[in-house]
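Everything below concerns the one structure shown next.
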Amino acid sequence: MTALTFLPRARSRRHANPDRLFFLACLVVPLAALALFFLYPLSQIVGRSLTEGDGSLGFGNYAGVFQLAHIPRVIGNSLLIGGVTTLVCVVLGFAIAYMLQRTKIPGKRLIRIILILPLLAPSLVQALGLIFLFGRNGLINKYLHLDIQIYGFWGLLIANCMYALPQAVMILETSLRRSDARPYDAALLLGASRWRRFVDITFPSAKFGLISAAFVVFTVSVTDFGNAAVIGGSFQVLAMEIYTQVVGQMNFNMGAVVGIMLLLPTLLAIYIQRVANQRQFGGSSESAVPVAQDYVPLRDLPLGLVVHAIGLVVFAVVATVVYASFVKLWPYRLDFTLANYDISMAGGYDSLWSTLLISLETAAIGTLSLFLLALAQRRLGPVAARVVYFLAIVPVGVPGLVLGLSYVLSFNVSGSMLGALYGSAFLIAICNFYHYHSQGFLTMVTGIRAVPKSLEETVTCMGGSNLHALRDAVMPVMMPTLVSVFFFLFMRAMVTLSAVIFLVTPSMTVAAVTVMRLDQGGKSTQAAAFSVCIMATVLAATLVMHAILALVGRPKAR
């Protein structure tokens, strides 16, 4: 017995140092990368905003920005478009989420598929589709002899709503799904009408989901660059102002100031959304009884018409982009052709292949880094785990434009080791990763919490090291999460624009920027064709992801 009990102790001593070094590396390497590729660039943009022309520190740049006559109007435009987009998306998003979760209206699967379409392409594709329909040479204006002016506030509002609505629906649908049926049963026994049950139970139980959705939509609409660049027209917003200051006037200090101005409301929105999200999830019960779906004609007929009308609009805009990619001359010669896919301007399809490489790098580096960080955070004490958690979710509050500008200020430096990274696919991949770092980390933490600690303890009790526990207990359970995070990072890197618009060079560009340049160069149908290629790639990745998830989630035969 003495020999048998001594053997595991001896083996644990032998494996103690390698295990400790491994988990130390799991913690230090991702945090060091976070400091180098996120905290350091962010400090640079703060420093440049405070650096005046003579090199001294002060608030002269801030004073100079507010002395520009158009800045108050730009700020007001950004807040206006963000507020109205938020109001529209929350109202429509709640209607769609209610239809999906509480009613028996047919066509739910179709609505879910349609809502995925805006997420398969860069945000500017929605603006492109609206121009094909309602622009000066749009299909609607030409054949119905109308004079709809789509450029400006209204076009930007519709485009932003189409891009942000799916995200609002996902949040609100989750909020309604977590509701408990027992209060509804009690209210029914007390004689409460359907309207009273909606006002007194449904709406209050979903209020934190509504707040969360509102601030997510506000953040997306205020910081989006693609739609504003294509359809904004003379309606200038902060995202376009940053681009103008940096690219148009090469005024990096002023661009940094506008970036800070864009960063502050975003951080506030993210903080409030985070608090609302915690309150929403904190109020749910694991023993909750799901609310049963029912069919009420007076409620469901008008609700179904509204929801399917929204779906029809979204589908029509995206389908128009696909259709325009196959016509000779929009909208005068609508004959079928594949000539638009013969793209020679803007480097042809080189940027698409580069984006594929960048997206794969983003997904591979990001998945590994997030897994190691989540694994290390699980082994830390409560205080240290909270610190790591906070650092990991901070990137969610930084808009893509601000992050991209911070990379220019940090890595576009001659005579520096960091300067060697500028213009490389690796740096763009890293920027994409930290743009979506927080979402990936939260998904990874959720997945690793599902790993039973008893499995790891079983492996170690049988004499295995922590590395064996990682291989035999953690990885099999985590595999669906790893696959999901990998494809999430890949798909977002394929379509992102704002985070990388400042990082592209003549020799290294990305697909979303090519779409924008084709449209600005008057090649709108070729821009549509390139957009279709991006959407097809992301759709194929989605199908592959579902196939792999079905495979890894299938129980193995014994």
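Residues take their numbers from the sequence shown, with the count starting at 1.
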Run Val317 and Met162 through side-chain contact (heavy atoms from CB on, under 4.5 Å) and show every step you take.
CA-CA 9 Å; Val317 171; Met162 289 181 58; 3.5 Å; yes
Parallel, tilted or perpendicular: rings of Phe38 and Tyr434 (30°, 60°)
parallel
To the closest 0.5 Å, what do you measure between CG (Leu130) and OH (Tyr151)?
10.5 Å
Indicate yes or no: does Glu173 engage Arg112 in a salt bridge with an N to O separation below 4.0 Å.
yes
In the structure I gave you, are the side-chain heavy atoms of His308 and Met99 within less than 4.5 Å of one another anywhere?
yes
Is there a side-chain contact between Gln126 and Val321, using heavy atoms and a 4.5 Å cut-off?
no
Output for pair (Thr537 OG1, Leu120 CG), nearest 0.5 Å, gives 10.5 Å
Testing the basics here: between Val485 and Gly440, what is the closest heavy-atom pair and its distance to 0.1 Å?
CG2-O, 4.0 Å
Has Tyr295 got more than 12 heavy atoms of other residues, nucleotides or ligands less than 6.0 Å from its OH?
yes
Is the ring pair Phe37/Phe426 parallel, tilted or perpendicular, if the boundaries are 30 and 60 degrees?
perpendicular
To the nearest 0.5 Å, tell me how far Cys89 SG sits from Phe218 CZ.
13.0 Å
Can we call the ring centroids of Tyr323 and Phe132 under 6.0 Å apart?
no
So which heavy atom on Ile45 is nearest to which on Ala256, and how close?
O-CB, 3.6 Å
I'd like to check Asp224 versus Ser498 (side-chain heavy atoms, cut-off strictly below 4.5 Å). Are they in contact?
no
Worked check of side-chain contact (heavy atoms from CB on, under 4.5 Å) between Ser531 and Leu128:
CA-CA 10 Å; Ser531 301; Leu128 197 62; 4.3 Å; yes
Looking at OG of Ser325 and CE of Met535, how far apart are the two atoms once the value is rounded to the nearest 0.5 Å?
7.5 Å
Supply the atom-to-atom distance Asn227 CG to Ser221 OG, rounded to the nearest 0.5 angstrom.
10.5 Å
For Pro183 and Ile201, the nearest pair of non-hydrogen atoms, with its separation, is O-CD1, 3.5 Å
First locate atom OG1 of Thr509, then atom CG of Leu352, and finally report the distance between them rounded to the nearest 0.5 Å.
11.5 Å
Test item: Thr320 side-chain N/O and Ala316 main-chain N/O as donor-acceptor pair under 3.5 Å:
yes
May I ask you to decide if Ile171's main-chain N or O and Ser175's side chain share a donor-acceptor pair within less than 3.5 Å?
no
Aromatic rings His437 and Phe441: how do their planes relate, parallel, tilted or perpendicular, breaks at 30° and 60°?
parallel
Could you check whether any side-chain heavy atom of Val237 comes within less than 4.5 Å of a side-chain heavy atom of Leu156, counting everything from C-beta outward?
yes
Examine distances only and state if a side-chain atom of Arg378 and a backbone atom of Ile448 form a donor-acceptor pair shorter than 3.5 Å.
yes
Does the side chain of Leu497 come within less than 4.5 Å of Phe225's, by heavy atoms?
yes
Parallel, tilted or perpendicular: which one describes the rings of Phe490 and Phe486, with boundaries at 30° and 60°?
parallel
Measure from the side-chain N and O atoms of Thr362 to the backbone N and O of Ala429, and report whether any donor-acceptor pair falls under 3.5 Å.
yes
Which pair of non-hydrogen atoms, one from Ala385 and one from Gln377, has the smallest distance, and what is that distance?
O-NE2, 3.2 Å
Side-chain contact, heavy-atom cut-off 4.5 Å: Ile534 with Pro122?
yes
Give the C-alpha distance, both sets of side-chain angles, the deciding distance and a yes or no for side-chain contact (heavy atoms from CB on, under 4.5 Å) between Phe530 and Ser351.
CA-CA 10 Å; Phe530 212 96; Ser351 63; 3.2 Å; yes
Hydrogens and angles aside, do Tyr184 and Arg194 bring a side-chain donor and acceptor to less than 3.5 Å of each other?
no
Is the count of non-hydrogen atoms from other residues, nucleotides or ligands lying under 6.0 Å from Phe315 atom CZ greater than 12?
no
Given Val500 and Asn432, is the side-chain contact (heavy atoms from CB on, under 4.5 Å) satisfied, shown in steps?
CA-CA 8 Å; Val500 299; Asn432 282 332; 3.4 Å; yes
Ser359 side chain to Leu356 backbone, donor-acceptor under 3.5 Å:
no
Close side-chain approach of Tyr40 and Ser406, heavy atoms under 4.5 Å:
no
Could you tell me which non-hydrogen atom of Ala168 sits nearest to which non-hydrogen atom of Val217, and how far apart they are?
CB-CG2, 3.8 Å
Test salt bridge (charged side-chain N to carboxylate O under 4.0 Å, His left out) applied to Arg102 and Asp300, step by step:
CA-CA 10 Å; Arg102 298 294 175 85; Asp300 294 350; over 6 Å; no
Is any side-chain heavy atom of Ser524 closer than 4.5 Å to one of Asp519?
yes
So, do Tyr407 and Phe502 have ring centers that fall under 6.0 Å from each other?
no
Heavy-atom pair with the smallest gap, counting every atom of Pro204 and Asp200
CG-O, 3.4 Å
